[in-house]
Amino acid sequence: MVSKDSPKHIAIIMDGNGRWAKERGLPRRKGHEAGADSVHAAIETCFKLEVSYLTLYAFSWENWSRPKAEIESLMILLEKYLTKKTPELVEKNVRLKAIGRLSHLPKRCQEALKNGIEKTKHNTGLTLVLALSYGGREEMVDVARTLAEKAVKGEIKPEEINSDLIQASLYDPELPDPDLLIRTSGEMRLSNFLLWQISYSEMVITKTLWPDFREDQFKEAVEEYFRRHRRFGKV
Ligand code: FPP
């Protein structure tokens with residue numbers, strides 16, 4: 001199913017771990033663990049589809065309001081995942097990146113993340129971007145602060161601020177806009193994800209809960225994308 005029009009950048013709102021666990025009478029933590037297996041499946045599917053960028057919403061700015069125990073279990077899972085998977089990412093030529101207010105993450109997580117990013121920085125295959133402690137509005141606030149500081153220092157004039165300058169001030173300016181945004185678990189909302197970058201992304205919302213979203217479901221979402229006719233505001 002690889003085609004010249006394969007989406008270059010796919011972004012995913014991984015939702016439904018809690019419901020998946022509840023349906024099975026398991027603690028929410030187990031849903032997140034099963035969700036981590038779907039992360040692995042998503043990466044493998046991107047290899048097959050020759051996707052260049054995969055951005056995963058792994059922990060939102062709003063997720064900091066969850067119960068302390070759930071935040072802790074997610075952070076431990078993330079740290080373990082990064083520590084265990086970094087050698088595999090190196091071997092499979094994946095370049096790891098992260099966006100968000102990363103300084104809010106626990107130190108051990110920051111270290112594991114830094115190590116993964118450093119070890120994979122010269123890789124040339126899939127770029128895997130983890131959105132962590134990430135909020136689209138918070139990113140815009142951080143962009144505004146960066147530009148305001150530059151204006152105060154006299155490095156830019158307010159009238160010079162345009163789309164290009166905003167793009168250049170994002171957490172990772174190099175990332176192309178997502179072609180396809182997938183949300184699992186059937187919810188019809190954006191939940192503060194990549195608000196600037198998804199202006200013209202195609203959206204596919206599937207009822208499948210994230211832990212059940214594996215290769216077949218991923219390929220179905222991409223098939224749906226192939227059926228779309230992208231016009232970017234033109235006729
Ligand atoms: C949303 O499900 C999911 C999250 C808040 C966390 C996403 C984390 C993972 C998929 C696992 C770890 C990630 C990596 C990169 C190793 P939810 O808890 O909101 O589900 P619910 O809406 O059914 O309650």
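Each ligand, and each atom within it, is numbered from 1 in the order the structure gives. Counting from 1, the numbers follow the sequence of the chain as shown. Values reported hereafter were calculated over all heavy atoms of this structure, with side chains retained and with hydrogens, waters and symmetry mates removed.
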A.B. asks: Does Arg24 make a cation-pi contact with Trp20, if we ask for NZ or CZ under 6.0 Å from the ring centre and within 45° of the axis?
C.D. replies: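 Ring-cation test returns yes.
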A.B. asks: Give me the nearest non-hydrogen protein atom to atom 9 (C) of ligand 1 as residue plus atom name, then the distance to 0.1 Å.
C.D. replies: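 Protein heavy atom with the smallest distance to atom 9 (C) of ligand 1: Asn17 ND2, 3.6 Å.
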A.B. asks: Check this for me: does any side-chain nitrogen of one of Lys92 and Glu88 sit under 4.0 Å from a carboxylate oxygen of the other?
C.D. replies: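 Yes.
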A.B. asks: Looking at ligand 1, would Arg66 count as a contact under a 4.0 Å heavy-atom criterion?
C.D. replies: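 It does; at least one heavy atom falls under 4.0 Å.
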A.B. asks: Consider every N or O of Arg19 and every N or O of ligand 1, then say whether any pair is closer than 3.5 Å.
C.D. replies: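 By distance alone, the answer is yes.
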A.B. asks: Who gets closest to atom 14 (C) of ligand 1 by heavy atom: Leu209, Val39, Ile43?
C.D. replies: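 Answer by nearest heavy atom: Val39.
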A.B. asks: Considering Ser185, Pro211, Ala58 one by one, which has a heavy atom nearer to atom 7 (C) of ligand 1 than any of the others?
C.D. replies: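 Heavy atom nearest to atom 7 (C) of ligand 1 belongs to Ala58.
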A.B. asks: Which protein non-hydrogen atom lies closest to atom 11 (C) of ligand 1, naming both residue and atom, and how far is it?
C.D. replies: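 Answer for atom 11 (C) of ligand 1: His32 O, 3.5 Å.
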A.B. asks: May I ask you to list the atoms of ligand 1 that are less than 4.0 angstrom from any heavy atom of Trp210?
C.D. replies: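 Every atom of ligand 1 under 4.0 Å from some heavy atom of Trp210: 10 (C).
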A.B. asks: Is the shortest distance from a heavy atom of Asp15 to ligand 1 less than 4.0 Å?
C.D. replies: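 Yes, that is the case, since the closest heavy atom of the residue is under 4.0 Å from the ligand.
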A.B. asks: Are Glu187 and Arg189 within salt-bridge range, i.e. N to O under 4.0 Å?
C.D. replies: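 Judged by the 4.0 Å cut-off on N to carboxylate O distance, Glu187 and Arg189 do form a salt bridge.
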A.B. asks: Taking only heavy atoms of Gly18, which atoms of ligand 1 are found under 4.0 Å from at least one of them?
C.D. replies: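 The list of qualifying atoms is 17 (P), 18 (O), 20 (O), 21 (P), 23 (O), 24 (O).
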A.B. asks: Nearest to atom 16 (C) of ligand 1, what protein heavy atom do you find, and at what distance?
C.D. replies: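 For atom 16 (C) of ligand 1, the nearest protein heavy atom is Tyr81 CG, 3.4 Å.
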A.B. asks: Is there side-chain contact between Ser38 and Phe218, with at least one heavy-atom pair below 4.5 Å?
C.D. replies: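 Side-chain contact under 4.5 Å: no.
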A.B. asks: Mark yes or no: Arg101 above the aromatic ring of Trp61, with NZ or CZ under 6.0 Å from the six-membered ring centre and no more than 45 degrees from the axis.
C.D. replies: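 Judged by the rule, Arg101 and Trp61 form a cation-pi pair.
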A.B. asks: Among all protein non-hydrogen atoms, which one is nearest to atom 1 (C) of ligand 1, and what is the separation to 0.1 Å?
C.D. replies: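 The protein heavy atom lying closest is Met14 O, 3.2 Å.
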A.B. asks: So if I count the atoms of ligand 1 from 1 in the order they appear, which ones are less than 4.0 Å from some heavy atom of Asn63?
C.D. replies: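 By the 4.0 Å cutoff, the relevant atoms are 5 (C).
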A.B. asks: Which residue from Glu70, Glu33, Lys84, Arg28 reaches closest to atom 24 (O) of ligand 1 through any of its heavy atoms?
C.D. replies: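 The option holding the nearest heavy atom is Arg28.
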